[in-house]
Amino acid sequence: MTIHGIRWVLVGVLLAVLASIPLPVAAARDGFGAAPQSYAPSTAQRARLTLEQAADAVARATGGRILDAKAVGNEYRIKVLTRRGEVRVVYVNADTGSMHE
């Protein structure tokens, strides 16, 4: 193999290596230089959870039966009877749907 042939093999290997390197997320752009748009609704566009939706989510998460549910500020206070017979109080954020006791 000549030096000219070796040079082309090395160029091919270099191009293959460069093509396999993933781009950082910030560098991902469409053909016009703009970042791709996400069509998922932002937090500001999502509707608040209703009290019924929050109660249903707690019932599914705990496998229990809802005893009481009421709004307290920006959260819902849900009292649930678990399968083990324990009464637990779970708070659900009305904007994000996150739960905590």
Heavy-atom closest contact ([X] atom, [Y] atom, distance):
{"X": "Y76", "Y": "A54", "answer": "CD1-CB, 3.5 Å"}
{"X": "N93", "Y": "D95", "answer": "OD1-N, 2.7 Å"}
{"X": "V87", "Y": "L81", "answer": "CG2-CD1, 4.0 Å"}

(message) Applying side-chain contact (heavy atoms from CB on, under 4.5 Å), can you list everything that pairs with D56, at least two apart in sequence or on another chain?
(response) R60
(message) So R48 and N74, do their side chains get closer than 4.5 Å, heavy atoms only?
(response) yes
(request) Please tell me if the side chains of I78 and L51 come closer than 4.5 Å, counting only heavy atoms from C-beta onward. (result) yes
(request) Among residues two or more places apart or on two chains, list those pairs meeting side chain to side chain donor-acceptor pair (under 3.5 Å) that have a residue in residues 78-91. (result) R88-E101
